[in-house]
Amino acid sequence: ASDSTAAATVDGSALAGRALAAAGTRHMFGVVGIPVTSLASRAAAAGVRFLAFRNEQSAGYAAAAYGFLTGSPGVLLTVSGPGCVHGLAGLSHATANAWPLLMVSGSCDQADTGRGDFQELDQIAATKPFAKLAVKATTIADIPRLVFQALAAAVSGRPGGCYLDIPSDVLHQTLAESEAAALIAAAAANSAAADPSPSKHKSLDEGIEKAADLLRRAERPLVVFGKGAAYARAEEAIRKLVDTTGIPFLPTPMGKGVVPDSHPLSATAARSLAIGQCDVALVVGARLNWLLHFGEPPKWSKDVKFILVDVSEEEIELRKPHVGIVGDAKRVIELINREIKDNPFCLAKSHPWVEAITKKAKDNVLKMEAQLAKDVVPFNFMTPLRIIRDAILAEGSPAPVVVSEGANTMDVGRAVLVQNEPRTRLDAGTWGTMGVGLGYCIAAAVAEPERLVVAVEGDSGFGFSAMEVETLVRYQLPVVVIVFNNNGVYGGDRRSPDEITGPYKDDPAPTSFVPAAGYHKMMEAFGGKGYLVETPDELKSALSESFRARKPAVINVIIDPYAAQMDSGRSLTDMIMEGFTPV
Ligand code: ADP
């Protein structure tokens with residue numbers, strides 16, 4: 001027995017699994033196959049739960065969302081060549097959203113590279129445009145160091161995707177047990193020695209003072225926060241800032257919940273007024289990109305002074321704000337709170353700006369509630385969303401994680417669904433990526449086991465990754481997927497007569513799907529619970545039963561394909577917020 005211990009060897013697959021576990025990885029998402037099948041089971045044996053998907057694209061979206069929800073990189077495992085290419089979807093999505101992710105792919109044998117090996121691809125070149133770091137283990141001894149290095153790079157500075165390539169020959173190499181343990185210990189010690197504290201910016205104190213001063217002197221101040229603030233777990237600090245100063249706030253879609261939507265200073269329902277007229281905007285963990293109209297007129301006042309808080313120095317340089325503070329959102333807002341405490345100020349409820357915002361918000365909410373109160377059958381978007389909103393709110397705390405994608409479904413859902421806890425909304429994000437829903441659901445279910453997961457999906461969004469309902473059943477995850485079935489992208493055939501000509505005029509419209517598709521039956525095919533609903537009572541009963549069961553379910557909600565037909569490209573949410581009456 002002592003002989004066999006002395007001779008015990010560890011191969012590259014086992015070493016990678018053990019290094020991931022030693023670096024704190026708890027979950028890994030992916031699809032196995034040559035040459036990474038053993039890596040998945042070795043990692044699981046070392047304590048890393050492996051969630052086996054049906055397609056790397058969904059697994060990648062899962063890993064991305066997991067990084068956002070937990071603050072630790074979501075790890076994505078793929079095979080070589082085509083598997084790596086499918087994985088690029090998740091890698092790029094993570095980087096675009098500033099979420100930490102580590103993609104690990106097997107690759108072809110180094111000796112056969114360049115002569116047409118099985119699934120051969122230059123995976124470093126393929127991943128580089130989408131990754132903060134792309135590295136390759138050329139020998140087994142590289143693995144522990146690169147695992148720790150890539151995981152650390154994913155969370156450092158602005159979070160994003162990193163890539164680790166492990167060729168099949170390296171996965172099969174072996175070394176002695178004692179050497180493996182020593183390499184992992186050395187990699188761990190090395191990464192612990194690296195200074196984890198963010199670099200000290202000499203301008204920090206000055207920036208904090210300037211920011212507090214600007215807010216104090218502002219006539220129409222606004223706090224805007226995004227998913228970077230949610231990621232930084234800045235909720236307590238931001239809530240305190242809003243409560244002590246009385247400044248109205250506006251979350252971005254995934255910033256929703258950092259301060260509860262139900263808070264009286266929420267400017268969500270007065271968005272146009274708030275951004276159009278504020279004179280100082282403190283923007284925390286949110287880019288002034290398309291989602292915030294680039295911070296420019298006509299949506300924003302041309303004289304608005306921005307105070308930007310972002311962990312990324314490049315972001316501050318790009319936007320050239322009045323005051324830029326490079327740092328962690330939680331820490332910076334805590335410092336601003338401390339600065340304000342020395343010389344406190346608070347906008348009274350009767351302050352004209354606060355009054356204007358709260359009045360506008362109240363009016364818009366009343367208008368929307370009047371629409372929501374109607375039971376419209378066949379369903380429009382509003383009626384089922386109201387029923388879903390109420391069912392989710394009835395769950396109380398911990399609130400369910402809401403996953404949302406689609407065109408009208410996501411737009412209207414953003415206005416109607418209520419987020420009272422941070423990091424409980426996951427949607428198409430910075431890139432407007434469709435197909436993220438099922439992957440997000442699986443990530444949320446394993447990252448937040450105490451929460452129910454409720455996905456509100458357009459039929460098109462659902463279709464991108466619908467096969468993952470099998471994954472939900474296989475792991476028995478508490479996920480209820482609600483499909484808004486309006487027969488296609490935007491809902492059915494919307495072509496004008498001059499578009500319906502030519503040799504293929506009898507083909508279905510590019511936007512249309514099989515009418516009244518039985519999506520609930522896909523779930524039933526795998527042994528999960530399916531519901532087909534067309535009326536308010538049917539929907540209420542499906543929700544109450546499936547929420548209670550906490551088992552995989554698909555609720556197929558038949559929507560009038562002509563509901564919410566718009567005569568312009570404006571988003572339905574904007575229209576709702578401006579008092580527009582949806583069909
Ligand atoms: P949203 O889509 O909600 O507007 P964005 O993804 O555009 O949010 O912006 C998030 C920003 O948050 C990014 O610029 C990112 O660099 C930044 N960020 C990430 N982590 C932190 C952190 N810990 N503290 C401050 N900012 C952060």
Side-chain angles (χ1 to χ4, degrees), residues 64-65 67-74 92-101 132 152-161 196-199 201 204 207-208 211 222-238 241 249-259 261 268 271 274-275 281-295 299-300 306-321 323-336 404-405 410 414 419 422-433 436 440:
F68 171 61
L69 292 172
T70 65
S72 304
S92 54
H93 182 73
T95 300
N97 284 283
W99 293 344
L101 175 147
K132 297 175 70 180
V155 291
S156 83
R158 171 181 279 167
S197 66
S199 62
H201 282 268
L204 188 63
I208 300 289
L222 181 69
V223 178
V224 178
F225 45 82
K227 59 181 169 331
Y231 174 80
R233 292 178 152 64
E235 52 267 18
E236 256 174 63
I238 294 178
L241 176 71
F249 67 88
L250 183 71
T252 67
M254 276 193 261
K256 267 158 78 74
V258 164
V259 180
D261 280 345
T268 295
R271 191 175 187 271
I275 66 175
L282 170 65
V283 180
V284 189
R287 282 169 278 190
L288 289 174
N289 58 11
W290 66 278
L291 269 165
L292 288 172
H293 317 287
F294 305 105
K299 293 279 187 179
W300 295 80
F306 284 110
I307 305 165
L308 290 194
V309 178
D310 202 292
V311 79
S312 155
E313 192 156 9
E314 297 87 82
E315 183 63 23
I316 306 268
E317 275 163 16
L318 174 69
R319 312 291 173 186
K320 307 206 182 341
V323 178
I325 306 176
V326 179
D328 173 68
K330 178 168 185 266
R331 182 171 140 73
V332 170
I333 302 303
E334 280 169 354
L335 290 173
I336 292 180
S404 182
E405 66 178 322
M410 184 169 72
R414 187 166 54 236
Q419 249 64 53
R423 296 171 297 282
T424 56
R425 180 184 168 86
L426 296 169
D427 67 22
T430 303
W431 256 11
T433 312
V436 289
Y440 280 2

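Position 1 is the first residue of the sequence, and the numbers go up from there. Worth knowing before you read on, the calculation uses all heavy atoms, side chains too, and leaves out hydrogens, waters and symmetry mates. Both ligands and their constituent atoms are indexed starting at 1 by order of listing.
Note: Phe68 and Trp99 have parallel aromatic rings, judged against thresholds of 30 and 60 degrees for the angle between ring planes.
Under 4.0 angstrom from ligand 1, the non-hydrogen atoms of Asn289 all belong to its side chain. The residue Met254 has no part lying near ligand 1, judged by heavy-atom distances below 4.0 Å. When non-hydrogen atoms are compared, ligand 1 lies under 4.0 Å from the side chain of Thr430 (C-beta onward) but not from its backbone. With a 4.0 Å cut-off on non-hydrogen atoms, Pro253 does not touch ligand 1 at all.
By the neighbour-count criterion of 12 heavy atoms within 6.0 Å, atom NZ of Lys132 is densely surrounded, having more than that number from other residues, nucleotides or ligands.
Among the atoms of Tyr231, none of the N or O lies under 3.5 angstrom from an N or O of ligand 1. The shortest N or O to N or O distance between Thr252 and ligand 1 is under 3.5 Å. Polar contact with ligand 1: absent for Ser312 (N/O pair, distance under 3.5 Å).
In terms of modelled atom types and a separation under 3.5 Å, the side chain of Arg425 and the main chain of Gln419 share no donor-acceptor contact. Without hydrogens or angle criteria, Thr95 side chain to Gly161 main chain gives a donor-acceptor distance under 3.5 Å. The closest donor-acceptor contact from the side chain of Glu315 to the backbone of Arg287 lies at 3.5 Å or more, if one exists at all. Side-chain atoms of Asn97 come within 3.5 Å of backbone atoms of Thr430 as a donor-acceptor pair (strictly under, hydrogens ignored).
Atom numbering of ligand 1 starts at 1 in the shown order; those under 4.0 Å from a heavy atom of Arg158 are 13 (C), 14 (O), 15 (C), 16 (O). Per-residue contacts place Gly327 under 4.0 angstrom from the following atoms of ligand 1 (heavy atoms of the residue considered): 24 (N), 25 (C). Atoms of ligand 1 lying under 4.0 Å from at least one heavy atom of Gly226, given by number and element, are 3 (O). Ligand-side atoms of ligand 1 in range of Leu291: 2 (O), range being under 4.0 angstrom from any heavy atom.
Heavy atoms of Pro159 approach ligand 1 to within less than 4.0 angstrom.
Nearest-heavy-atom check against atom 14 (O) of ligand 1 across Asp310, Val332, Leu288, Ile333 picks out Asp310. When the heavy atoms of Val311, Ile325, Asp328 are ranked by distance to atom 21 (C) of ligand 1, first place goes to Val311. Nearest-residue assignment for atom 25 (C) of ligand 1 (options Gly157, Gly160, Ala329; heavy-atom criterion): Ala329.
Looking only at side-chain heavy atoms (C-beta outward), Leu204 and Val332 come within less than 4.5 Å of each other. Side-chain contact between Ile336 and Ile333 is present, with heavy atoms from C-beta onward closer than 4.5 Å. Between Val436 and Leu426, every side-chain heavy-atom pair lies at or beyond the 4.5 Å cut-off. Taking 4.5 Å as the limit, some side-chain heavy atom of Leu288 sits within range of a side-chain heavy atom of Leu308. For the pair Tyr231/Val155, a side-chain contact is recorded, criterion being any heavy-atom separation below 4.5 Å from C-beta on.
Annotation: atom 9 (O) of ligand 1 to nearest protein heavy atom, Arg287 N, 3.2 Å. The protein heavy atom nearest to atom 2 (O) of ligand 1 is Lys227 NZ, 2.7 Å. The nearest heavy-atom contact from the protein to atom 10 (C) of ligand 1 is Gly285 O, 3.2 Å.
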